[in-house]
Amino acid sequence: MRLEQLYAIGGGPGANRPHGSAEEDAAHALASRWMDEAGLAVEVDQSGNLLGRSPVGADVWVGSHLDTVPRGGRFDGALGVVAGLEAVERAGCGTVVVFRGEEVGCIGSRALVARGDPLPRAFLELHIEQGPVLERTGAPLGVVTSIVGYARGELFFEGRAGHAGTTPMDGRDDALVAAAEAILRIRAAVRRIEGGVATVGQLAVEPGGSNVIPERVRISVDARAPDAKRLDRLIEAIGFEPVHRTLPAAMGEGPRRVLLEEVESRGLPAIELPSGAGHDAGILAAAGVPSAMLFVRSLNGGISHNPEELSSEEDIALAVEVLGAAIGRLAPA
Ligand code: GLV
Ligand code: MN
Ligand code: MN
């Protein structure tokens with residue numbers, strides 16, 4: 001129900017609440033109302049992150065983000081917030097946090113860490129897996145071992161604008177052709193680094209006329225690898241200067257064990273797996289906060305960043321139970 005209310009913000013198709021938009025603000029306002037109704041003390045920090053504190057164990061945080069990719073799904077980020085709120089209400093302790101701008105580089109959690117504000121004693125993030133492992137294993141839940149490292153940046157290509165009809169093919173300097181060749185080169189280079197992936201998801205062509213030879217092209221680059229060494233090799237192989245780089249982060253032993261025990265005590269398989277997606281939990285873990293993540297099985301082959309993202313109500317109910325129990329154990333201590 002709450003997921004549907006969030007999904008409805010901005011209209012379809014898909015979830016469209018990019019960072020910095022009125023839609024992200026509206027989602028935060030809605031979550032703030034829910035926190036208030038739950039009797040939590042609502043606070044917004046200097047970066048716009050939203051916190052709802054209960055009177056007990058407020059230094060143990062649970063949450064996620066409410067911004068989305070363009071045409072995203074119902075669950076990415078939003079599930080972690082809605083489930084986090086419910087788990088805190090049930091446990092009667094802990095703080096729910098909604099970070100700003102996770103999809104564009106964990107803006108809110110990074111700013112929090114950079115400011116030097118007091119950090120939580122522990123952080124838990126519930127999230128959909130966004131991959132096929134749990135579905136293939138037949139397990140509803142999984143506990144994350146580590147979060148992938150990733151780097152994002154841009155590459156630019158310069159050419160010379162000219163007439164599409166009168167410039168001979170062998171006399172052209174076409175920036176988009178150069179970019180296309182580079183994208184294929186990137187794909188070949190990344191395949192030589194085990195566990196590495198890279199994506200070009202944005203392409204801006206200038207001047208952008210259908211009858212004008214492209215003069216300038218900008219492409220985005222998102223490159224990821226399971227360890228720092230391979231991430232460095234990937235960046236070098238692609239040949240770009242990252243605007244930001246997030247090192248792979250191991251999850252904290254303590255909260256990770258608590259999640260695992262809560263999963264096992266319900267007779268569920270104890271699946272541990274790495275995350276190929278970035279998360280605010282990675283930023284907090286890198287800053288020294290013992291952090292752990294609970295993954296909920298993604299259906300539809302694990303598709304995510306797509307409106308077909310899906311998790312079942314039964315799996316989500318189990319996850320909320322585990323999360324609530326974990327907060328109940330961690331927060332009062
Ligand atoms: C966040 O969804 C990411 O890009 O990994
Ligand atoms: Mn997410
Ligand atoms: Mn995402």
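Any value given below was found using the heavy atoms of this structure, including those in side chains, with hydrogens, waters and symmetry copies removed. Remember, it's 1-based here, ligands and their atoms both numbered in the order they're listed.
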Atom pairs and distances, donor-acceptor, side-chain atoms in residues 262-271, under 3.5 Å, two or more places apart:
| from | atom 1 | to | atom 2 | distance (Å) |
| --- | --- | --- | --- | --- |
| Glu262 | OE1 | Arg266 | NH1 | 2.9 |
| Glu262 | OE2 | Arg329 | NH1 | 2.8 |
| Ser265 | OG | Glu261 | O | 3.4 |
| Ser265 | OG | Glu262 | O | 3.1 |
| Arg266 | NE | Glu321 | OE1 | 2.7 |
| Arg266 | NH1 | Glu262 | O | 2.8 |

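His279 places no side-chain N or O within 3.5 Å of a backbone atom of Ala281 that could act as its donor or acceptor partner. Side chain of Arg74 to backbone of Glu4: no donor-acceptor contact under 3.5 angstrom is found. Without hydrogens or angle criteria, Asn16 side chain to Arg71 main chain gives a donor-acceptor distance under 3.5 Å. No donor-acceptor distance shorter than 3.5 angstrom exists from the side chain of Asp59 to the backbone of Arg121, with no hydrogens or angles considered. No donor-acceptor distance shorter than 3.5 angstrom exists from the side chain of Asn300 to the backbone of Glu309, with no hydrogens or angles considered.
Grouped with Phe240 in one hydrophobic cluster are Leu155, Phe157, Leu176, Ile183, Ile186, Val190, Ile193, Val200, Leu203, Val205, Val217, Ile219, Val221, Leu231, Leu234, Ile235, Ile238, the linkage being side-chain heavy-atom contacts under 4.5 Å among Ile, Leu, Val, Met, Phe, Trp and Tyr residues.
Within the protein, the number of N/O/S atoms found under 2.8 Å from the Mn ion (ligand 2) is 3.
Ligand 1 lies under 4.0 Å from heavy atoms of Glu102, Glu103, Arg152, Arg224, Ala277, Gly278, His305.
Taking the charged nitrogens against the carboxylate oxygens, Asp173 and Arg160 have no contact shorter than 4.0 Å, which rules out a salt bridge.
The CD1 atom of Ile9 lies 10.0 Å from the CG atom of Asp25; values are rounded to the nearest 0.5 Å.
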